[in-house]
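Written out below as structure tokens is the structure these notes cover.
Lettering follows sequence order; numbering is per chain, from 1.
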Amino acid sequence: MKFSGRVKIIETIQLQDDIFKITVERPVEVETIIPGQFFNILATTSGLPLLRRPISVSQITDETLEFTIKVLGKGTEWLAHKAVGSYLEIMGPLGNGFEIDGNLKKVLLLGGGIGVAPIKGLLEYLSQNDVECDSVIGFRDLPIFSEEFIRNSMHNEIISEKNSAYKQGYVTGYFEQLVKESSYDAIFACGPEAMLRSITKVADKFGLKLQLLMEEKMACGIGACLVCTCKVKDGDFDYKHVRKCKEGPMFYSNEVIFDEA
Amino acid sequence: MKFSGRVKIIETIQLQDDIFKITVERPVEVETIIPGQFFNILATTSGLPLLRRPISVSQITDETLEFTIKVLGKGTEWLAHKAVGSYLEIMGPLGNGFEIDGNLKKVLLLGGGIGVAPIKGLLEYLSQNDVECDSVIGFRDLPIFSEEFIRNSMHNEIISEKNSAYKQGYVTGYFEQLVKESSYDAIFACGPEAMLRSITKVADKFGLKLQLLMEEKMACGIGACLVCTCKVKDGDFDYKHVRKCKEGPMFYSNEVIFDEA
Amino acid sequence: MKHNLKVDLNGLELKNPITVASGTYGFGREYAEYMDLNILSAISVKGLTLEPRKGNEGKRIAETPMGMINSVGLQNPGVYEFIRQEIPFLRQYDLKIIANINGNTIDEYCEIARILDQADVDSIELNISCPNVKNGGLAFGTNPKVVKEVVSKVRKATSKHLIVKLSPNVTDIKEIARIVEEQGANCISMINTVTGMAIDIHSRRPVLKRGSGGLSGPAIKPIAIKLIHDVYQTVKIPILGMGGIMSGGDAVEFMLAGASAIAIGTGNFVNPTLPKMALEGVTQYLEDYAYESTQHLVGDLR
Amino acid sequence: MKHNLKVDLNGLELKNPITVASGTYGFGREYAEYMDLNILSAISVKGLTLEPRKGNEGKRIAETPMGMINSVGLQNPGVYEFIRQEIPFLRQYDLKIIANINGNTIDEYCEIARILDQADVDSIELNISCPNVKNGGLAFGTNPKVVKEVVSKVRKATSKHLIVKLSPNVTDIKEIARIVEEQGANCISMINTVTGMAIDIHSRRPVLKRGSGGLSGPAIKPIAIKLIHDVYQTVKIPILGMGGIMSGGDAVEFMLAGASAIAIGTGNFVNPTLPKMALEGVTQYLEDYAYESTQHLVGDLR
Ligand SMILES: Cc1cc2nc3c(=O)[nH]c(=O)nc-3n(C[C@H](O)[C@H](O)[C@H](O)COP(=O)(O)OP(=O)(O)OC[C@H]3O[C@@H](n4cnc5c(N)ncnc54)[C@H](O)[C@@H]3O)c2cc1C
Ligand SMILES: Cc1cc2nc3c(=O)[nH]c(=O)nc-3n(C[C@H](O)[C@H](O)[C@H](O)COP(=O)(O)OP(=O)(O)OC[C@H]3O[C@@H](n4cnc5c(N)ncnc54)[C@H](O)[C@@H]3O)c2cc1C
Ligand SMILES: Cc1cc2nc3c(=O)[nH]c(=O)nc-3n(C[C@H](O)[C@H](O)[C@H](O)COP(=O)(O)O)c2cc1C
Ligand SMILES: Cc1cc2nc3c(=O)[nH]c(=O)nc-3n(C[C@H](O)[C@H](O)[C@H](O)COP(=O)(O)O)c2cc1C
Ligand code: FES
Ligand code: FES
């Protein structure tokens, strides 16, 4: 049986106006968690919103799980303000996380917006395992986790669209620059769909295969309801629908067929 | 304009397992409140339950309003656990409360279950105005507000169905006994419909006219939607439907036509 | 930027797209104590019948997940008393009066329409969702033939602006809408409540004394949006949309689906100043998305 | 007290009244990791078609107040693959297999039924809520004539236990239920989803790529209860009830309305062990209200 049950909130830290880091006790039943995996979390006591919210783990320790949550609507609002000491109903870990080959030497990590949360989890995991990490993280305004990224990266860029204290621009541009200069054993990315689409274009140009963590509105979160589709290539001429929650959320960039913008 | 807005919770005291006394700041806009009136209170942040919950005031001071709430379902559960310092959305005061004639000398108050809450408010108001009050309050098990009732009543009975530390029986029996012994300028009652129905029978026998505070599931709470009907006599042979929230919740016992049990 | 909030419901001019739904606002008296009624562009009053009605006995309401079921049973003072007592009250305010009418028979519908034709109301809203004995207990509004007859006859009985209110409890609402348009209605209002029922498992009785009733509130919003979208595609006459509107955003959603104006019903119970907030919300949306007028918003899906 | 939980759906014997609804439980594999499937009395599998289907492209889900709208579009591996891969998996568990079938044409329905007639399934559930081109885009299940034809032909194509699943999107569900009974169905399941739509006011597009879809969840519970109550009054064959069940209490409410057994759909997404909790809840209710068996509960309104 996989884990579905209550976990206690140990700590909630507000990182920005609308971003909260929630640490919960790790249930003993949960054995391995791979960076990029997520939990499907009940975000209500009243019953509304009805559906659980999928949230990636942004840090995994033996005793704790960490979720980093951006408040978008009712569900994330509720999660962000849930009292420390109270319990969350979670199920997981779910989906296929990043594929982390034992032979990785040097990798590149790309994150945009709240998408840096699972990337941070991956970064911490990799640097603990002595993989050399370069990273580029981009934000609309102020960054989150800049210290963690700087500390654990060999080379790090923090980019902001609006805030002139940071480098200006988009993740895609810096990504293109880096892959021209260096070669990586693997490249991992998570961020808004527009970012994933544009870095995939760059990757295609250089014949690179990225690991993308992709989002979608979910219901069951475990593969039973088929509402969270990713359109992927099926041979050279056809496509098929796979489940973002089950076959994903990690997909290789050369497999995904993006929706037109 | 009548008051509809936020009020701050100053204190919440748990009186019993499922009964909570909530004190809120009295909004300056609210001028007179008559015992027996109620407020229609939003009992959710999420949106569920959809409708407001009508709750009587159990104490009125210049600075505060007090609500005494029995947890029955989601709405009252939410109200009972709303944090001190946070705000409630309330509208009111609503409906017609008890009719309190300036010449009252001696009155009788009857309360059953959570119905003692508005009766307590009335008792405190009357005793401040030097009206002599007898009271009978009945409970399934343990009483609430026994001290307040004892302190403010000339004669008081506390009755319990199950708890042998108190007199056994029902309010109706003690009521019949008291009206045989004394005469009252007015008699006020609030409690479960079965209690109101049976004391009305006794009142009819003695030709008495009680003031009953009656409950009903409500929606608007102000008289616009017509879902909270009380069937009352219309002349000698006919009936009409009036609104419990607007013409009530106080009705004279000789007007009401009770539903068959 | 000053936005043009005006709406023309094919002969009924509204100063803004926010109205209140029949049966949820009485005749305006109660809510006037909580909100300036001059904010409303129109009120559809409690459903009127020829004679005064006492309405249904016993429990009339059940609360359901994000909805409520009512069975008020058209309790109202009758059309004459409405004209005498309520119109003068409402005329104190700058809003249009929509008289919601209900008959037991087609003749009764026509008679009420004829009476109101001579009265100071701005529009007549034909509620054809009442149960009809001849139609096997189903509402007038569910049988295309009956709809044709009642709308055409009422159309002849009055020259007032005529709204026909559609029931969602039908297989093919487009067919009904087409008939309503052909028979000369100026406007369609939709949706009326969805038939629903709740059972109290402890008393083992339906919660409502009558058994079933009309479901309203946010629960039915997706049903309303779908049906309005369908009808907008089908007819040219404007739509007055309703069904679970709780915010300015919801109002915008209805207008994008095809409603020219909207009505707030159950939402009033939750928030007595919702019409004001919804108007502010719509205005803000026009601002944010650079619409010149509400009319440009209607049906403006990409 | 040991309660008799058994249910006989007119030829399909269930060990208890709790089943799971088609399309919400896949073929059981995923939920098997969260709950012992032996608790279920039956599973209605994801809607099957003759050929494998990719399902609809783009966004397939919108969340609404206490509901969700889906437009999966019958993505499934096809009936042959189901027989090959999924039946053996499900046969590891002590539960009945209900094959939910869907066709583009009546012939296709019959062909799937014939294929399944030879397969190891316990029941065939005819889903007649799929949109039907010949019927103007409305579902097969909304036109009485079409219902008669499809049920009678499928009935001839198989001797398996036959359930017909009704759409709530009709004017008169009793008429449809009567036809389904007359044509020899063993059981009725209801309700399928209610047609609904949601619009994203920021992108100004329907949330679902397809525009509209099927509304499920607690929002539709009062609609389901009402329709089941009506159909229970109309036909003698048993009803498998569903639509927004979230607790044992809800399951009891459906049974009091007239359902002999119930299916949990959307509720599984919220609580992956809901079938277990619902079974406990129903059992506790039987205990509290001194019912000897679930069968005594069915339609037992006062
Ligand atoms: C596998 C996976 C992992 C995720 N991990 C995280 C995480 O670690 N931290 C985190 O903060 N979020 C994460 N998300 C996204 C998160 O699940 C959603 O933000 C959340 O469900 C929104 O719920 P809500 O009730 O707050 O907002 P809703 O009320 O559902 O939506 C509010 C508004 O936000 C929009 N919206 C909703 N979801 C998204 C979205 N995914 N992207 C853009 N706009 C959206 C809606 O259209 C709506 O306008 C993850 C999603 C997936 C699928
Ligand atoms: C004018 C007025 C004044 C009131 N004053 C008070 C007060 O001072 N203190 C207080 O605690 N309550 C008071 N009530 C009752 C209170 O409004 C209800 O208990 C409350 O609405 C229940 O909401 P809920 O969401 O907790 O329960 P729900 O989820 O609505 O109901 C839970 C269960 O309780 C049952 N139930 C609901 N309402 C009642 C009821 N009125 N009587 C018996 N069973 C019911 C339901 O059938 C259901 O089974 C008053 C009601 C009215 C009309
Ligand atoms: C308590 C109540 C009474 C209603 N009475 C009427 C009525 O008399 N005539 C009518 O046409 N509609 C009536 N309706 C339906 C509403 O006008 C509206 O169409 C429906 O409630 C959907 O909107 P909402 O979800 O915003 O409430 C009533 C609705 C409610 C809730
Ligand atoms: C995601 C999803 C997919 C569904 N797919 C099917 C299907 O393939 N065949 C079918 O007959 N019903 C299907 N349904 C309808 C359900 O079986 C059920 O009738 C409906 O959802 C109402 O129950 P609920 O509210 O408990 O979910 C589906 C429902 C959902 C939510
Ligand atoms: S969310 Fe149900 S299959 Fe992915
Ligand atoms: S609750 Fe609306 S009239 Fe009383």
Pick from [options]: which one has the most heavy-atom pairs with chain C under 4.5 Å?
| options | value |
| --- | --- |
| D/Ile223, D/Asp288, D/Asp230 | D/Ile223 |
| D/Glu253, D/Met197, D/Met66, D/Lys221 | D/Met197 |
| D/Gly249, D/Ala62, D/Pro65 | D/Pro65 |
| D/Ile199, D/Asp172, D/Ile228, D/Ile225 | D/Ile199 |

Is it the backbone or the side chain of [X] that comes under 4.5 Å from a heavy atom of chain D, or both, or neither?
| X | value |
| --- | --- |
| C/Leu301 | both |
| C/Ile69 | side chain |
| C/Tyr285 | side chain |
| C/Asp300 | both |
| C/Val194 | side chain |

Does the [X] side chain pair with the main chain of [Y], one donor and one acceptor, at a distance under 3.5 Å?
| X | Y | answer |
| --- | --- | --- |
| C/Arg302 | D/Ser203 | yes |
| C/Thr193 | C/Ser216 | no |
| D/Asn192 | D/Ser129 | no |
| D/Ser189 | D/Leu240 | no |

### Query
So what's closer than 4.5 Å to chain C heavy atoms on D/Thr64: side chain, backbone, both or neither?
side chain
### Atom of C/Val298, atom of C/Gly258 and distance for their closest heavy-atom approach
CG1-O, 3.6 Å
### Query
Just wondering, more than 12 heavy atoms not from C/Arg204 lying within 6.0 Å of its CZ?
yes
### Task
Evaluate the salt bridge (charged side-chain N to carboxylate O under 4.0 Å, His left out) criterion for residues D/Glu149 and D/Lys145: first the C-alpha distance (whole Å), next the side-chain angles of each, then the deciding distance (0.1 Å), finally the verdict.
CA-CA 6 Å; D/Glu149 195 180 337; D/Lys145 281 197 216 92; over 6 Å; no
